[in-house]
Participant: 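Have a look at this one before I ask anything.
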Amino acid sequence: MNLLEVYEILLKKFGKQNWWPADDSFEVIVGAILTQQASWKNVEKAIKNLKEHKVLKPEDLHRLDVKRLEMLIRPSGFYKVKARRLKSFVDFLFEKYDGRLEKLFSLSMEDLRRELLSIKGIGDETADSIVLYSAEKPSFVVDAYTIRIFSRLGLLKEKEYHKVKEFFEMNLPRDVELYKEYHALIVELGKNICKTKPRCFLCPLNKWCNYANSVNDFAER
DNA sequence: ACCCAGGTGGCCC
DNA sequence: GGGCCACATGGG
């Protein structure tokens with residue numbers, strides 16, 4: 001059982017996910033910040049509000065009053081911190097890159113990642129989501145599901161973000177489309193099946209999963 | 001009435 | 001480095 005085999009199984013089970021759903025690369029970034037510890041349904045409402053008020057562009061957000069921004073993104077939860085985080089990003093973009101994403105994205109992948117991480121409110125996962133789905137450079141995105149699922153499969157011992165990321169990048173071809181699809185499939189599996197309440201009988205990976213095999217009523221089948 | 005969601009930063013030890 | 005907490009809305 002290796003990473004590509006797991007990928008094929010998930011792809012067969014769930015189909016192509018075609019992430020990230022957004023009209024442009026800036027919308028991906030806004031979504032990446034808003035979806036922190038929030039359901040995508042709620043993020044969609046927030047993004048819809050931003051679109052309806054025609055403020056879903058770097059210049060618009062840059063001049064938008066923060067209180068007004070808070071109200072618009074409210075459905076996505078943590079709306080005060082997220083409003084500040086969005087502001088931090090656009091402030092940074094205008095101060096250092098003339099407000100232009102192309103300029104920021106012309107950095108090397110490593111420099112881009114470092115730059116994003118320097119912004120308050122952008123951590124490892126959000127940075128990688130932006131690098132992969134917005135800038136479209138091959139940086140593997142790790143989330144809580146990734147660690148949970150692959151630890152249970154016995155493929156991961158380390159749980160630190162950068163070690164997990166390194167494991168995936170060392171064991172997969174460096175390919176943007178593969179990275180995009182793989183992370184999306186992991187989230188799909190995590191959302192639907194791999195919760196703390198076991199529904200392991202539904203999981204396409206149950207044969208290989210230590211957790212599924214440790215759950216009494218499943219192991220007997 | 002819980003529990004969870006496509007995390008992050010701050011603070012403590 | 002790890003453990004705990006605040007941040008908050010909406011759906012199951």
Side-chain angles (χ1 to χ4, degrees), chain A residues 7 10-11 14-22 25 27-50 66-92 113-136 139-151 156-166 168 176 178-200 202-203 211:
Chain A
Y7 175 74
L10 295 181
L11 184 59
F14 297 110
K16 199 149 188 293
Q17 303 297 306
N18 296 309
W19 271 20
W20 191 289
S25 51
E27 187 180 326
V28 174
I29 296 171
V30 172
I33 291 170
L34 293 184
T35 199
Q36 293 168 350
Q37 199 62 20
S39 70
W40 184 251
K41 280 283 164 212
N42 286 349
V43 175
E44 283 179 326
K45 292 173 193 163
I47 289 183
K48 182 158 166 278
N49 287 342
L50 295 173
V66 68
K67 286 293 162 195
R68 191 142 175 77
L69 179 56
E70 285 177 5
M71 288 302 99
L72 294 175
I73 66 170
R74 196 166 171 175
S76 72
F78 298 157
Y79 61 90
K80 290 182 185 169
V81 293
K82 285 176 181 174
R84 267 190 276 111
R85 289 172 183 181
L86 289 172
K87 279 291 194 183
S88 302
F89 178 78
V90 290
D91 288 349
F92 156 90
R113 191 170 191 280
R114 252 191 301 281
E115 278 290 69
L116 292 170
L117 286 173
S118 76
I119 303 168
K120 196 75 77 63
I122 297 187
D124 286 316
E125 184 180 340
T126 308
D128 284 326
S129 297
I130 292 171
V131 174
L132 181 61
Y133 293 102
S134 183
E136 305 194 281
S139 191
F140 200 88
V141 180
V142 173
D143 68 349
Y145 293 137
T146 311
I147 297 173
R148 190 190 308 167
I149 292 166
F150 289 85
S151 296
L156 270 183
K157 307 169 226 333
E158 305 283 359
K159 303 200 171 183
E160 294 162 87
Y161 189 97
H162 67 279
K163 299 224 170 147
V164 176
K165 175 182 172 64
E166 188 182 322
F168 277 84
V176 171
L178 174 66
Y179 284 11
K180 282 184 176 180
E181 202 55 35
Y182 208 150
H183 174 64
L185 285 166
I186 287 169
V187 172
E188 194 58 21
L189 174 66
K191 272 202 310 210
N192 289 304
I193 295 173
C194 197
K195 309 245 184 200
T196 44
K197 296 280 186 211
R199 284 192 287 161
C200 301
L202 292 172
C203 180
Y211 181 67

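Numbered from 1 within each chain, the chains take letters A, B, ... in sequence-line order. Given the structure is predicted, the values throughout are model-derived calculations rather than measurements.
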Participant: Measure from the side chain of A/Glu160, starting at C-beta and using heavy atoms only, and say which of C/dG1, C/dT9, C/dA8 lies closest.
Facilitator: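 Closest nucleotide among those given: C/dG1.
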Participant: Using a heavy-atom cut-off of under 4.0 Å over every strand shown, decide if A/Lys120 touches base, sugar-phosphate, or nothing.
Facilitator: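 Sugar-phosphate only.
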Participant: Nearest to the side chain of A/Phe78 - C/dG10, B/dT8, C/dC7?
Facilitator: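 Of the candidates, C/dC7 comes closest.
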Participant: For a quick test of reading the model: is some side-chain N or O of A/Tyr161 closer than 4.0 Å to OP1 or OP2 of B/dG7?
Facilitator: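 Checking A/Tyr161 against B/dG7: no side-chain N or O falls below 4.0 Å of OP1 or OP2.
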Participant: Please lay out, stage by stage, how A/Phe150 and A/Val164 fare under the test side-chain contact (heavy atoms from CB on, under 4.5 Å).
Facilitator: CA-CA 9 Å; A/Phe150 289 85; A/Val164 176; over 6 Å; no
Participant: Does a side-chain N or O from A/Lys45 land closer than 4.0 Å to OP1 or OP2 of C/dG11, or not?
Facilitator: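 Yes, within the criterion.
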Participant: From B/dG9, C/dG1, B/dA5, pick the nucleotide closest to the side chain of A/Ser39?
Facilitator: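 Of the candidates, B/dA5 comes closest.
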Participant: At under 4.0 Å between heavy atoms, what does A/Val187 touch on the DNA or RNA strands: base, sugar-phosphate, or nothing?
Facilitator: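 Answer is base: heavy atoms of A/Val187 come under 4.0 Å of a base.
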Participant: Using heavy-atom distances to pick each residue's nearest nucleotide on DNA chain B, tell me which of A/Lys191 and A/Ile119 is more 5'.
Facilitator: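 By nearest-heavy-atom nucleotide position, the 5'-most residue is A/Lys191.
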Participant: Over how many whole Å does the gap from A/Glu125 atom CD to B/dA5 atom C1' extend?
Facilitator: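 The distance from CD of A/Glu125 to C1' of B/dA5 comes to 11 Å, rounded to the nearest Å.
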Participant: Closest approach to the side chain of A/Arg85, judged atom by atom: which nucleotide of B/dA5, C/dG1, B/dG7 is it?
Facilitator: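 In terms of side-chain proximity for A/Arg85, the closest of B/dA5, C/dG1, B/dG7 is B/dG7.
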Participant: Scan A/Lys80 against the nucleic acid and name what it touches under 4.0 Å (heavy atoms): base, sugar-phosphate only, or nothing.
Facilitator: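 Sugar-phosphate: the residue A/Lys80, judged by heavy atoms under 4.0 Å, touches backbone atoms but no base.
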Participant: Distance between the P atoms of B/dA1 and C/dA8, in whole angstroms?
Facilitator: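 It works out to 22 Å between them.
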Participant: Looking only at the side chains, is there a donor atom on one of A/Tyr161 and A/Asp128 sitting less than 3.5 Å from an acceptor on the other?
Facilitator: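 Judged by distance alone, the side chains do pair up.
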Participant: If we ignore angles and hydrogens, is there a donor and acceptor under 3.5 Å between the side chains of A/Ser88 and A/Asp91?
Facilitator: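 Side-chain D/A pair, A/Ser88 to A/Asp91: absent.
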Participant: So which of A/Lys165, A/Arg114, A/Arg113 actually passes salt bridge (charged side-chain N to carboxylate O under 4.0 Å, His left out) with A/Asp124?
Facilitator: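 Per the salt bridge (charged side-chain N to carboxylate O under 4.0 Å, His left out) rule, the option paired with A/Asp124 is A/Arg113, out of A/Lys165, A/Arg114, A/Arg113.
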Participant: Whether A/Gln36 contacts B/dG7 is assessed here as follows: a side-chain N or O lying under 4.0 Å from the phosphate OP1 or OP2. Is that the case?
Facilitator: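 For B/dG7, OP1/OP2 do not have a side-chain N/O of A/Gln36 under 4.0 Å.
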Participant: Could you give the CG-to-P distance, from A/Asn42 to B/dG7, as a whole number of Å?
Facilitator: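 Rounded to whole Å, this separation is 13 Å.
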Participant: Taking CD1 from A/Ile33 and P from B/dT8, how many angstroms apart are they, rounded to a whole number?
Facilitator: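 It is 10 Å, rounded to the nearest whole Å.
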Participant: Output yes when A/Lys67 and A/Glu70 qualify as a salt bridge under the 4.0 Å nitrogen-oxygen rule, no when they do not.
Facilitator: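 Salt bridge: yes.
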Participant: Please state whether the phosphate of B/dT8, meaning OP1 or OP2, lies under 4.0 angstrom from any side-chain nitrogen or oxygen of A/Thr126.
Facilitator: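 Yes, within the criterion.
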Participant: If the P atom of C/dG10 is compared with that of B/dT8, how far apart are they to the nearest Å?
Facilitator: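 So the two P atoms sit 22 Å from each other.
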Participant: Figure out the CD/P separation between A/Glu70 and C/dC7, and round it to whole Å.
Facilitator: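 Distance, rounded to whole Å: 13 Å.
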